[in-house]
2 protein chains.
Amino acid sequence: MASRAKATILDIAREAGVSKSTVSLVLQGSGLIRPETAVKVRKAIEDVGYVYNRGAANLRKAHSNVIGMVINDLTNPFFAELAVGMERVFQAAGVVPFIANTAENPVRQEEVLKSMMEQGVAGLIVSPARGTTPGAFRRIEAAGVPVVFAMRRLPESRIPAIAPDNRRGACLATEHLIRKGHSRLAFFGGSSDLVVYQERLGGFLGACEAFAIPVADRMIVEGETSRKGGMACLETALAMPEPPTAALCFNDAVAFGVILALRKRGLEAGADFAVVGFDDVAEAEHYSPALTSVAVDTAGLGERAAHVMLKMIQSRTTRAEDHIGAVSLVVRESSGPDRNSQVGDAA
Amino acid sequence: MASRAKATILDIAREAGVSKSTVSLVLQGSGLIRPETAVKVRKAIEDVGYVYNRGAANLRKAHSNVIGMVINDLTNPFFAELAVGMERVFQAAGVVPFIANTAENPVRQEEVLKSMMEQGVAGLIVSPARGTTPGAFRRIEAAGVPVVFAMRRLPESRIPAIAPDNRRGACLATEHLIRKGHSRLAFFGGSSDLVVYQERLGGFLGACEAFAIPVADRMIVEGETSRKGGMACLETALAMPEPPTAALCFNDAVAFGVILALRKRGLEAGADFAVVGFDDVAEAEHYSPALTSVAVDTAGLGERAAHVMLKMIQSRTTRAEDHIGAVSLVVRESSGPDRNSQVGDAA
DNA sequence: TTGATTTATTGGAACGTTCCATTTATAGAG
DNA sequence: CTCTATAAATGGAACGTTCCAATAAATCAA
């Protein structure tokens with residue numbers, strides 16, 4: 001049934017009674033061919049069941065139309081949203097994004113990046129896996145392929161990054177808790193090998209400083225960035241002699257875990273302990289209690305990253321500005337009773 | 001800094017003082033070359049900053065090492081898990097899976113499939129978008145590229161599908177509700193244009209039949225397969241003159257919505273109304289109340305799909321058996337008080 | 001030594017496109 | 001009717017690999 005050998009441009013040419021060059025022109029939508037010829041050729045293309053061989057084409061052409069998206073954890077809905085935002089932009093530009101998952105594993109990431117390079121991608125959007133070594137992108141940069149970091153960045157890299165204003169988000173959230181009257185605060189989850197962590201923790205500490213919360217009343221509990229991690233954090237915190245009464249969590253997953261752990265102890269987030277998350281994933285709004293969280297406009301960041309990428313490809317550069325996305329605090333139930341809740345609006 | 005023109009196999013050959021053929025052999029790890037020569041060549045590869053051009057290679061070689069995964073909704077953690085399962089298998093086989101999202105849009109799906117074909121994928125694993133036309137895969141089959149459906153299938157297609165035993169899962173769940181003493185049952189969410197829906201609904205109705213639940217006491221409410229859809233379903237159901245007391249939901253998202261809607265009305269899932277979900281996503285276990293759900297071993301199905309794909313590629317066929325994955329009911333709190341809950345174990 | 005055998009290496013012809021430089025056909029001007 | 005300008009179509013040389021057939025070098029049997 002299937003013609004064994006796959007049809008090429010020459011088969012089309014034969015079928016349509018024209019030259020391969022003409023077929024190529026038609027394929028590229030050149031205005032140079034006579035409309036009737038084009039029709040004839042297109043018919044032949046249909047008839048022989050032709051599929052364009054982009055590999056062969058790229059051998060001659062400068063750039064391919066695929067860009068790679070390398071993501072550290074596809075299971076996190078947060079990254080899926082990021083991907084969705086990018087796809088919108090790329091689709092409009094006729095670029096196809098191929099996504100690959102590194103499962104937070106630098107070795108796997110290396111393989112995936114290699115594969116994408118071999119495939120001849122025009123650019124790479126990466127949310128680097130934890131523990132990525134500084135040199136991981138050296139070869140790629142050297143090859144002149146543009147790279148953009150999304151959501152995460154590497155400590156000393158010159159690669160442009162698109163990320164939310166983590167510091168300000170954490171600051172906003174912490175202020176909110178302090179204004180609610182809390183004076184013993186915790187920062188739950190995450191680990192210090194991530195730049196994002198440094199930034200969010202920095203915002204937390206900055207706000208504490210600004211409101212003169214004594215160091216002894218700031219509690220920092222590192223932990224997995226998952227529900228499980230959040231549960232563990234809460235346990236650790238409540239075991240202290242003077243436990244905190246409110247927590248800013250590294251991300252929403254951690255916050256959900258904290259809420260769960262509270263309920264297990266017969267406590268209610270919002271009433272007995274204030275919880276604020278980070279990222280404002282879709283679920284936050286529907287959780288019970290609804291989660292107060294820092295919204296980062298994930299899809300928007302994805303779009304931004306895609307735009308930057310397209311610009312870089314177009315201007316064949318490997319450099320671009322960082323981009324810090326605006327954040328906002330979405331106040332819901334988990335951070336306490338709904339008494340005319342005011343969002344901090346510092347400069 | 002970057003040598004402008006990218007290095008080729010010939011540059012390596014020149015650098016190492018051998019022929020391009022030798023370099024090619026080294027690249028393929030052939031045992032024919034003298035070890036010392038291989039070392040010399042590898043050094044040269046490193047020195048010139050070579051990146052392998054798979055496109056060029058595929059021009060000569062039979063097939064590529066990339067297989068495409070086309071998924072209808074990457075935002076659903078369920079599919080992300082599926083992807084993760086596949087990746088495990090493919091990685092071991094030296095195959096790189098590229099993922100693309102169709103956002104449940106058949107037009108987008110068409111584009112994505114075309115792109116993947118052009119890229120020369122060795123095979124395609126697809127969870128087809130709702131509304132995919134029967135002919136969508138004709139060209140792909142004709143080209144001899146193996147396709148496997150995962151989780152979803154098309155009504156009359158001959159393409160092998162890997163999916164859970166939806167009918168049995170729904171049956172098990174319904175039995176469980178009936179054994180709990182419910183006699184007015186609902187099936188919430190989903191829409192009849194999906195084969196999965198037909199199967200799950202079929203299981204529900206089959207169990208009703210088996211236990212002689214009168215038709216008047218079976219309520220079917222179609223709806224979006226999301227939290228929102230679930231909330232709407234519950235509202236519709238409770239507005240009836242003789243509302244049901246238990247519901248099997250099309251999937252977990254719908255079930256979460258139902259639980260939320262119950263709480264809004266001051267009712268508690270498990271106590272006032274029994275809720276069972278489908279898929280048993282990670283969140284089900286942690287929800288409050290914990291969700292009774294039909295576990296489908298998503299990652300396992302992903303692995304299975306990947307294995308089938310590899311087999312098909314290896315034996316260069318485009319046909320394979322369907323594969324129905326085992327399911328099991330995980331009884332938790334949302335389906336009612338914990339009185340020695342027994343899982344139906346029909347033949 | 002000579003020829004046969006094995007081991008390493010190599011040139012050259014594909015593979016399916018694009019694109020440049022031509023050729024051929026068509027039309028317009030004189 | 002010839003000449004030139006324009007429009008449409010074409011052949012051939014890349015592009016970076018693989019792989020076959022062939023060569024060159026080393027080893028061995030006689």
Side-chain angles (χ1 to χ4, degrees), chain A residues 3-42 44-45 48-66 115 117-122 143, chain B residues 3-42 44-45 48-66 114-115 117-122 143-144:
Chain A
S3 43
R4 263 306 113 230
K6 41 200 75 185
T8 83
I9 218 181
L10 275 117
D11 298 312
I12 300 170
R14 198 175 314 116
E15 180 82 6
V18 297
S19 80
K20 64 178 171 35
S21 304
T22 305
V23 177
S24 177
L25 267 321
V26 172
L27 248 18
Q28 295 168 77
S30 159
L32 284 181
I33 30 72
R34 201 152 41 105
E36 313 137 54
T37 313
V39 167
K40 198 171 51 178
V41 170
R42 267 190 275 270
I45 289 177
V48 301
Y50 172 73
V51 355
Y52 185 73
N53 184 334
R54 212 167 275 277
N58 285 342
L59 224 40
R60 291 279 321 185
K61 291 214 292 213
H63 273 328
S64 78
N65 74 143
V66 355
S115 234
M117 287 298 287
E118 292 182 357
Q119 223 53 236
V121 295
Chain B
S3 44
R4 263 306 113 227
K6 43 200 69 180
T8 85
I9 218 180
L10 275 116
D11 298 314
I12 299 170
R14 196 174 316 119
E15 181 82 8
V18 297
S19 79
K20 63 178 170 35
S21 305
T22 305
V23 177
S24 177
L25 268 320
V26 172
L27 247 17
Q28 293 167 80
S30 159
L32 285 181
I33 29 72
R34 201 155 41 106
E36 312 138 54
T37 313
V39 167
K40 197 171 52 178
V41 170
R42 268 190 273 273
I45 289 177
V48 302
Y50 172 73
V51 356
Y52 185 71
N53 184 336
R54 212 167 276 275
N58 285 344
L59 223 40
R60 293 278 327 187
K61 289 216 290 216
H63 18 235
S64 75
N65 74 142
V66 356
K114 178 149 167 273
S115 235
M117 287 298 287
E118 292 182 356
Q119 220 57 232
V121 294

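What you are looking at is a predicted structure, and each value in this text was computed from that prediction instead of being measured.
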side-chain hydrogen bond (donor to acceptor under 3.5 Å, both in side chains) evaluation trace for A:Thr22 with A:Ser19 | CA-CA 5 Å; A:Thr22 305; A:Ser19 80; 3.2 Å; yes
Report yes if the side chains of B:Ile9 and B:Leu27 come closer than 4.5 Å at any heavy-atom pair, otherwise no.
-> yes
Does the side chain of B:Lys20 reach to within under 4.5 Å of the side chain of B:Ser24, using non-hydrogen atoms?
-> no
Please give, in whole Å, the distance from D:dT17 P to A:Asn53 CG?
-> 15 Å
Are any protein N/O atoms closer than 3.5 Å to N/O atoms in nucleotides 26-28 of chain C? If there are, list each pair with its distance.
none

Do A:Asn65 and A:Arg54 have side chains that get closer than 4.5 Å, going by heavy atoms?
-> yes
Expressed in angstrom and rounded to an integer, what is the separation of A:Leu27 atom CG from C:dG16 atom P?
-> 14 Å
Phosphate contact (D:dT17 OP1 or OP2) by B:Gln28 side-chain N/O below 4.0 Å = no
Taken to the nearest whole Å, CG/A:Leu10 to C1'/C:dT18 is 13 Å
Give the B/S/- string for nucleotides 9-15 of chain D, one per nucleotide from 5' to 3', where a protein heavy atom under 4.0 Å of the base yields B, of only the sugar-phosphate yields S, and otherwise -.
-> SBBBBBB
Evaluate the side-chain proximity of A:Ser115 to B:Val66: yes if any heavy-atom separation is below 4.5 Å, no if none is.
-> no
Counting only N and O atoms by type, is there a donor-acceptor contact under 3.5 Å from the side chain of A:Asn58 to the main-chain atoms of A:Lys61?
-> no
B:Ile45 side chain near B:Tyr52 side chain, heavy-atom distance below 4.5 Å | no
B:Arg54 atom CZ is separated from C:dG16 atom P, nearest whole Å, by 19 Å
Bend angle of the helix from C:dT1-D:dA30 to C:dG30-D:dC1, end axes from five pairs each (to 10°) | 50°
Return the value, rounded to whole Å, for the distance between atom CG of A:Asn58 and atom P of D:dT17.
-> 13 Å
Are B:Glu15 and B:Ile12 close enough that some pair of their side-chain heavy atoms sits under 4.5 Å apart?
-> no
Taking OP1 and OP2 of C:dT18, is either one under 4.0 Å from a side-chain nitrogen or oxygen of A:Ser24?
-> yes
To the nearest Å, give me how far apart CD (A:Gln119) and C1' (D:dT17) are.
-> 14 Å
A:Val41 versus A:Val18: any side-chain heavy-atom pair under 4.5 Å?
-> yes
Any side-chain heavy atom of B:Arg42 within less than 4.5 Å of one from B:Val26?
-> yes
Length of the line joining B:Ile9:CD1 and C:dG11:P, which is rounded to integer Å = 13 Å
Can you list the steps and then say if A:Glu36 with A:Lys40 is a salt bridge (charged side-chain N to carboxylate O under 4.0 Å, His left out)?
-> CA-CA 6 Å; A:Glu36 313 137 54; A:Lys40 198 171 51 178; over 6 Å; no
